[in-house]
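Quick notes on the structure that follows.
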Number of protein chains: 2
Amino acid sequence: MNMATETATKESSATRGAYLKLREMILTGEIEPGFKLKIEQLRRLLELGSSPVREALSLLTSDKLVERIDQRGFRAAPVSKENFEEILMLRCTLEDMALRASIANADAPWEERLILKHYHMNKARGHDVAVFEAAHKAFHMALLDQSGLPMLEGYCSQLYDLNIRYRYLAAGGESYQKRSIETEHQEIMNAAIGKNTDSACELLLSHYRRTGEYLSSQMDT
Amino acid sequence: MNMATETATKESSATRGAYLKLREMILTGEIEPGFKLKIEQLRRLLELGSSPVREALSLLTSDKLVERIDQRGFRAAPVSKENFEEILMLRCTLEDMALRASIANADAPWEERLILKHYHMNKARGHDVAVFEAAHKAFHMALLDQSGLPMLEGYCSQLYDLNIRYRYLAAGGESYQKRSIETEHQEIMNAAIGKNTDSACELLLSHYRRTGEYLSSQMDT
DNA sequence: CCCTCCAAAAATATCGATATTATTTGACAT
DNA sequence: ATGTCAAATAATATCGATATTTTTGGAGGG
């Protein structure tokens, strides 16, 4: 059992373990959209009592990864093209706002954090997909984390995850390496550190929109 | 036991009942910000087992009304001026977006829905605060509900509730009737139905900002 | 042949008890 | 006095069993 894919199991509380494990499974598509999440079934899979399972599922509803229908249990959140496009749109609006605020509040520690996350992301390139994805997200969130707007950052993080889910669903996680994503990241970071607010935002948004269009085209069902 | 204040108790599931009751108590300030929410205590208050209590608290964390610290229980979400101002800012951005989309998709049923909610809100004026607040929220949400963007509407609804909480905290729920809020609502609705997008949005945002400034000034502690 | 209704099965929701973990209290040593 | 550690206390987290509700499947009537 390797630490990379099994990020979940041996955490502090059973609830948290279940939460992380199920979250991973839904994000990566191992649990399919709309799939009925029966307590008994998950209880056995996770080797836990029903309480932590139930609570983990409740937490996942916050993240919009699980839907709860009162008296009728839980299911993995469904997906749709409309949903994907709404996520993309919201992401663009909210990350734009957050990045502008971050740059406005820029300071040396933030720049250093950014440099490090960028370095770690590139270092993780060859490794396990899950490891790279974690570093990739950490880099993107580091761009926003000087905004001084914690709720906004929370929304961005949530939307980021929902987006990544569509990426996994569209191509088993291995899709978007075609473009030179590496250069794009470098350019975004340079613009951000150089306080070229408008150009940093433009680069970031077109970075998202390009992958968005690609996925959207793949989704015509 | 009247239906107005006790919106909670006799609902379908125990969890849902507990959720609604606790939500009401936190929104109105009956449970103070930062207050430790002990399971045993709530179990007795709501006359329920620990599972539904726990689950209700988990659901409230989605709404950002409760904070959960792993292994250390739950507490009512804290408040701060920064938090209030972030909520106001996000609300303005997101409701602007949603209202524009709604007006763009306007159709006859939407306009009729709006007229009705507005009528109900005015009819509820004299009644119990909780009844009026519900109608008030329903009106504001009706403005947005033609956007075709369910997640955005969800965020708006959440932010609306968080904002209302600050209103209750600042003045026991009875604060903002000073201005002629009635006229403001009428004007917003007229502009929306008349498809005067820019002016509808301006009216809506200044409606929010005005109450926002008032509350913000009350909060200097 | 299809619809309705009832009984059986399955799943959810809830409970109360127990195990685990955090917090407090007070004794002891510095 | 003060800080540290350990036992006692209190709270959370978890479990397994039971009650409630929904879903399924099939018999009987239209």
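Please read these numbers as outputs of a predicted model, since none were measured by experiment. Protein chains get the first letters and strands the later ones, always in sequence-line order, with residue 1 at the start of each. Values below: all heavy atoms of this structure, side chains included; hydrogens, waters and symmetry mates excluded.
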Separation of [X] atom [atom1] from [N] atom [atom2], in whole Å?
{"X": "A/D70", "N": "D/dT20", "atom1": "CG", "atom2": "C1'", "value": "13 Å"}
{"X": "B/E47", "N": "C/dT14", "atom1": "CD", "atom2": "C1'", "value": "15 Å"}
{"X": "B/E55", "N": "D/dT14", "atom1": "CD", "atom2": "C1'", "value": "14 Å"}
{"X": "B/R16", "N": "D/dT21", "atom1": "CZ", "atom2": "C1'", "value": "17 Å"}
{"X": "B/R44", "N": "C/dG16", "atom1": "CZ", "atom2": "P", "value": "13 Å"}
{"X": "B/E40", "N": "C/dG16", "atom1": "CD", "atom2": "C1'", "value": "11 Å"}
{"X": "A/E67", "N": "C/dT12", "atom1": "CD", "atom2": "P", "value": "15 Å"}
{"X": "B/R43", "N": "D/dT12", "atom1": "CZ", "atom2": "P", "value": "12 Å"}

Report the nucleotide, chosen from [options], that has the shortest atom-to-atom distance to any side-chain atom of [X].
{"X": "B/S50", "options": "D/dT12, C/dG16, C/dT14", "result": "C/dG16"}
{"X": "B/K38", "options": "C/dC15, D/dA11, D/dC15", "result": "D/dA11"}
{"X": "B/Q71", "options": "C/dA22, C/dT14, C/dA11", "result": "C/dA22"}
{"X": "B/L48", "options": "D/dT14, C/dC15, D/dT12", "result": "C/dC15"}
{"X": "B/S51", "options": "C/dC15, D/dG16, C/dA11", "result": "C/dC15"}

### Task
Please name the residue in the list B/K38, B/K36, B/R43 that meets the salt bridge (Lys or Arg N to Asp or Glu O under 4.0 Å) test with B/E40.
B/R43

### Query
Of B/L45, B/L42, B/L46, B/I26, which is the lone residue that meets side-chain contact (heavy atoms from CB on, under 4.5 Å) with B/K21?
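With B/K21 as partner, side-chain contact (heavy atoms from CB on, under 4.5 Å) holds for just one option, B/L46.
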
Side-chain N or O of [X] closer than 4.0 Å to phosphate OP1/OP2 of [N]:
{"X": "A/R72", "N": "D/dT23", "value": "yes"}
{"X": "B/T15", "N": "C/dT14", "value": "yes"}
{"X": "A/K36", "N": "C/dT12", "value": "yes"}

### Task
Measure the acute angle between the ring planes of A/H118 and A/F139, then classify it against the limits of 30° and 60° as parallel, tilted or perpendicular.
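Because their plane-to-plane angle lies in the 30° to 60° range, the rings of A/H118 and A/F139 count as tilted.
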
### Task
Could you tell me the separation between the CZ atom of B/R23 and the CG atom of B/D63, rounded to the nearest 0.5 Å?
5.0 Å

### Query
Between B/R165 and B/D161, is there a salt bridge with N-O shorter than 4.0 Å?
no

### Query
How is B/L37 classified with respect to the nucleic acid when contacts are heavy atoms under 4.0 Å: base, sugar-phosphate, or nothing?
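Sugar-phosphate contact only.
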
